[in-house]
Amino acid sequence: MKFLCVIGDPVKHSKSPRIHNNAIKSLGLDGIYTRYHLQEESELRNLFFKLKLNGANITLPFKEQALKIADIKDKFAQEIGSANTLVLKNNQLYAYNTDATGFLKAIEDFKTIKKALILGAGGTARSIAFALKQREIQLCIANRSKERLEHFKAFQSVVYEDLRDFDFDFVVNTTSAGLNDENLPCDKKILDKILSHSKYAFEVIYGKQTPFLKLCKQYQVEYKDGLLMLLWQGVFAFELFFDIKNQQEKIKSAMLEALNLK
Ligand code: NDP
């Protein structure tokens, strides 16, 4: 039997146990997926072995630590600087980042993107910037404060006030502005200029119509929210946990069913 877990702080809200357990049941596999609230970052590796886990999803704020403690680091995870999936194979800990691959899968039918703007400069923005780089899309990252733009030296990056180019065919909101406080990620006047040019948009938050999505709708921009990204990062992690291939649609469908959205 495989023992799997999501580890984070906080972790109570995580949908991962629900979606993974339903996929395990649906595919008739032998495994159980639970959650663990970790507070001490330095304990992550010990905890993984103490709980005798076969695999884990690592969520905030331990994704960078997850990469650090791994013995073998996937190229994607290494380049992004963080991992959300740990798998034990032959007594060695392997680290992967399925947020990036999950995002790419979620936007696969946005075919003709040439130039993209990422709003926000946190961990999710890093995964998404890396993912878009794989598709050779020209990128700009904009954030409300300078500090986190440090991580984006390889790209054009600015604070919102310094944005002079508003002509992007794809806009991704990676900020948590719409999560609890119902805010737009930046001044509406700036977004008005951006969205009047864009063809596609993506909001990483899922399950609610954020102010950003409402504005996209107003501008008739084709958009998706974070649900597909959540599902696909889960599907790819699940494949790694059970070392299976070619069952993606079945896994995704079970995960979606678990969220009562089928
Ligand atoms: P971080 O804390 O690393 O970064 C948050 C970013 O949001 C920073 O750029 C921050 O700006 C900005 N921000 C926060 N509040 C506001 C605000 N009120 N106005 C403008 N900017 C704001 O978070 P993550 O990148 O890890 O996560 C971001 C979001 O992505 C979360 O809502 C999370 O739930 C979601 N997410 C969704 C996933 C999915 O599968 N759908 C996967 C992973 C995350 P500053 O630097 O100035 O503080």
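The chain is numbered in sequence order, starting from 1. Given the structure is predicted, the values throughout are model-derived calculations rather than measurements. Both counts, for ligands and for their atoms, begin at 1 and track the order of listing.
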Nearest-neighbour protein heavy atom for [atom], which is reported as residue plus atom name and distance:
atom	result
atom 42 (C) of ligand 1	M229 CE, 4.1 Å
atom 37 (C) of ligand 1	V204 O, 3.4 Å
atom 27 (O) of ligand 1	T124 OG1, 3.2 Å
atom 16 (C) of ligand 1	R144 NH1, 3.3 Å
atom 2 (O) of ligand 1	R148 NH1, 3.3 Å

What distance separates [X] [atom1] from [Y] [atom2], expressed to the nearest 0.5 Å?
X	Y	atom1	atom2	value
F166	C140	CZ	SG	10.0 Å
R45	Q65	CZ	CD	11.0 Å
C186	L119	SG	CG	6.0 Å

Could you tell me whether [X] and ligand 1 have an N or O pair separated by under 3.5 Å?
X	answer
L60	no
N143	yes
D99	no
A125	no

Per-atom contacts, ligand 1 versus [X] - under 4.0 Å to a heavy atom:
X	value
I205	32 (O)
G120	9 (O)
S176	5 (C), 7 (O), 14 (C), 32 (O)
S145	45 (P), 46 (O), 47 (O)
T174	28 (C), 29 (C)
A121	9 (O)
L179	32 (O)

Can you tell me if [X] uses its side chain to pair, donor with acceptor, with the backbone of [Y] under 3.5 Å?
X	Y	answer
K250	L27	no
K252	V235	no
N97	S82	yes
T98	T101	no

Option from L227, V171, N173 for which side chain to side chain contact (heavy atoms under 4.5 Å, CB included) with E203 holds: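 Testing E203 for a side chain to side chain contact (heavy atoms under 4.5 Å, CB included) against L227, V171, N173 leaves exactly one candidate, N173.
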Heavy-atom nearest neighbour of atom 6 (C) of ligand 1 within options I128, N183, T175: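 Considering heavy atoms of I128, N183, T175, the nearest to atom 6 (C) of ligand 1 sits in T175.
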Per-atom contact, [atom], protein heavy atoms, under 4.0 angstrom:
atom	result
atom 45 (P) of ligand 1	yes
atom 23 (O) of ligand 1	no
atom 29 (C) of ligand 1	yes

Salt-bridge criterion met for K133 and E136 (N-O under 4.0 Å):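 Looking at E136 together with K133, the answer is no, because their closest N to O distance does not fall below 4.0 Å.
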Residue portion contacting ligand 1 (non-hydrogen atoms closer than 4.0 Å) for P185: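 Backbone only.
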Closest non-hydrogen atom pair, E257 against N22: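 Nearest heavy atoms, E257 then N22: OE1-ND2, 2.8 Å.
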Heavy-atom closest pair, residues T210 and G178: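 Smallest heavy-atom distance, with atoms named: CG2-O, 4.0 Å.
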Cationic tip of K224 above F110 ring, under 6.0 Å, 45° of axis: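 Yes, cation above the ring, under 6.0 Å and within 45°.
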Polar side chain donor-acceptor pair, T85 to N57, under 3.5 angstrom: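 Present: a donor and an acceptor within the cut-off.
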